[in-house]
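Indexing begins at 1, ligand by ligand and atom by atom, following the structure's order. Computed from a predicted structure; not experimentally measured.
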Amino acid sequence: MKYYSTRDKAVRLESAEAVKMGLSRDGGLLTPEAIPQMDEAFLTGLVSARYQERAAKVMGLYLTDYTYEELLTFAENAYGPEKFDTEAVAPVRKVDNTTHCLELWHGPTSAFKDMALQMLPQLLSAALRKTGEDKTACILVATSGDTGKAAMEGFADVPQTKIMVFYPKDGVSAVQEAQMVTQEGENVGVCAVVGNFDDAQAGVKRIFSDVEMRETLADRGYFLSSANSINWGRILPQVVYYISAYCDLLRDGQIKMGDKVNFCVPTGNFGDILAAYYAKRMGLSVGRLICASNKNDVLTDFLRKGIYDRNRPFHTTMSPSMDILVSSNLERLLFDLSGENDAEVRGYMEALAKEGKYEVSNAIKARLNEEYWGGCCDEAGTAVTIADYYKNRGYLIDTHTAVAVNVMEQYRAATGDETVTVFVSTASPYKFCNHVMDAIGEKPAGDGVELLEQLNAISGVTIPRRLAALKGKQRRFDLTVEKQQMDAVVLDFLK
Ligand SMILES: *Cc1c(COP(=O)(O)O)cnc(C)c1O
C-alpha cells in the first residue's frame with residue numbers, strides 16, 4: 001500500500017518511507033491511499049487472539065512492506081510483560097450494562113502515548129534498514145509532559161537512533177518531571193526550557209527548519225525526525241485498540257457481532273479519535289464518535305458549526321495533554337471527508353496558517369454531524385466527575401478521563417442515545433495526584449512522588465510499579481536553558 005500527502009496526492013511513498021519521513025515535504029500528512037476492509041471472518045479471528053496478535057494482523061493490512069512475523073515480534077516487544085502490567089495490554093472495564101472503559105495506561109509511563117510510542121521506534125528502526133539509510137535518526141521532541149517520557153521510554157537504546165526531549169520548566173507535573181529526569185538509556189537527552197510549552201515547541205520547529213543546522217548534522221551522520229502524532233507510525237497502533245475493545249466486548253458477551261458501539265475520547269491533537277474513525281472506516285460497527293475537550297473548546301465549536309477558529313485564549317488546565325489550539329490530525333479527517341480532495345484540504349490549511357481560521361464545505365459539515373458529537377467540560381466539571389466516579393462507582397479516574405466521562409454524560413442527556421458506549425481512559429490517576437486528591441476532597445501533603453503513597457493510602461488503588469520506583473531513583477539530567485539556547489543543546493548532544 002502507498003501513502004500520499006493530504007496536500008498533494010502526486011506524492012506517493014511506501015509505508016517504510018512514510019514512517020521514516022513522518023511528515024510530507026509539502027507540510028501535508030502522509031495518509032494511506034486506501035482504507036483496508038475487515039469482514040466478519042477477520043474480526044472473528046481476532047476475538048480469540050492475544051493483543052499482540054491482534055496488533056500484528058491489523059497493522060499488517062496497512063504496512064505492506066513489513067512481514068507479519070516482523071510485526072508480531074515488534075508487538076511482543078512493545079506490549080510484553082516487561083512493559084505492561086496486565087496481560088490484556090488494553091483492558092476493557094465494565095462500568096454498567098451500557099458503559100465500558102478502555103484503559104490505555106498500563107504501559108511503562110502510565111499514559112496512553114505508550115500504546116503507540118512502544119511501537120513506533122521499532123517501525124522506524126526497521127524502516128531505516130528497509131530504505132538503506134545509513135545515518136542515525138535523531139528524534140527531537142517538545143513535550144507538555146506525556147509524549148516526551150513515552151518517546152524516551154520507547155527509543156531508549158534503540159540502535160541507530162538518539163532522542164532529545166525539551167520540556168517547559170514549570171509546565172509539567174512533578175511526577176512527569178521526575179519520570180523524565182531519571183530516564184535511562186545511552187542515547188537519550190533531556191533539557192528543561194525556561195518558558196511554556198509553546199516556547200519549547202517553537203524552538204524545536206525552528207531547529208527542524210534550519211537548513212544550516214541540517215547540513216551540520218548530516219556531516220556528523222545524523223538526520224532529524226519526529227515522534228509526533230503526525231507520524232502514521234503513531235496513528236496506526238492506536239487503530240488496533242478500538243478493534244481490540246470491540247473484540248473483548250464480543251468475547252465477554254456484552255455485545256453481538258454487528259452491534260454498534262460508540263467511543264468517547266478525551267481529545268487534544270486529534271490522533272486518538274482519528275484512529276477510532278479509521279477503525280470505523282475499516283468496517284468496525286461504530287456508532288457516534290464523541291469528541292471530548294476541556295476548557296480549550298476549539299474542537300467542540302468546530303464539530304458543531306464547521307468553523308475552525310484558533311483565535312481564542314489558551315487555557316492551562318488540570319488536563320494539560322489536551323491543552324491545544326491546533327489539532328494537527330484533523331487534517332487527515334478533512335482529507336477523507338472531502339473525498340480525498342487535496343486541493344480543498346490545502347485551501348483550509350492555508351487559511352488556518354494565514355487567518356487562524358477556516359470554514360468547511362456543507363458536504364463536510366453534514367458528514368461531521370453524522371460521525372461526530374463534540375462537547376467540552378470546564379475545570380469544575382472535571383473535578384465533580386472524578387469525585388462522582390470515585391464515590392459512587394469506586395473507580396478512581398484521572399483528569400483527562402474525567403473530561404471524557406463528563407462529555408459522554410452530556411451526550412447521553414442531549415440525544416437520549418442508549419447505544420453501548422466505551423469511554424477511553426488515557427492516563428493513570430497517579431500521574432496527576434494533586435488534582436485527583438483535590439477533586440475527591442483530600443488535602444495533598446507534600447509534593448511530587450510523595451503524593452503517590454498518600455493517594456494509595458486513601459484509595460487503595462495499586463500504584464503503577466514504574467511510578468512507585470521513581471522514589472529514590474537517581475536524577476540523571478539537570479539542564480535548564482533559555483529558549484534561544486536550544487540549538488546549542490542539540491549540537492552538543494550530537495557532537
Ligand atoms: C496526548 C493525550 C491526550 C490527547 O490525545 P490526542 O491523540 O492528542 O487527541 C489525552 N489524554 C492524555 C493523558 C494524553 O497524554
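- The backbone N or O of S229 sits less than 3.5 Å from a side-chain atom of N329, completing a donor-acceptor pair.
- Centroid-to-centroid, the aromatic rings of Y4 and F335 come within less than 6.0 Å.
- Electrostatic pairing of E371 and R281 does not count as a salt bridge here, judged by no charged N lying under 4.0 Å from a carboxylate O.
- The aromatic ring centroids of Y430 and W105 lie 6.0 Å or more from each other.
- With sequence neighbours left out, the ring pair (Phe, Tyr, Trp, His ring centres under 6.0 Å) criterion links Y277 to no other residue.
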Between ligand 1 and the protein, tabulate every N or O atom pair separated by less than 3.5 Å, reporting distance only.
unit_1: ligand 1; atom_1: 7 (O); unit_2: G271; atom_2: N; d: 3.2
unit_1: ligand 1; atom_1: 7 (O); unit_2: D272; atom_2: N; d: 2.9
unit_1: ligand 1; atom_1: 8 (O); unit_2: N269; atom_2: N; d: 2.7
unit_1: ligand 1; atom_1: 9 (O); unit_2: G268; atom_2: N; d: 2.7
unit_1: ligand 1; atom_1: 9 (O); unit_2: N269; atom_2: N; d: 3.2
unit_1: ligand 1; atom_1: 9 (O); unit_2: F270; atom_2: N; d: 3.1
unit_1: ligand 1; atom_1: 11 (N); unit_2: T426; atom_2: OG1; d: 2.8
unit_1: ligand 1; atom_1: 15 (O); unit_2: K113; atom_2: NZ; d: 2.5
unit_1: ligand 1; atom_1: 15 (O); unit_2: D146; atom_2: OD2; d: 2.8
unit_1: ligand 1; atom_1: 15 (O); unit_2: S321; atom_2: OG; d: 3.4

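- The environment of K483 atom NZ is sparse: at most 12 non-hydrogen atoms of other residues, nucleotides or ligands sit within 6.0 angstrom.
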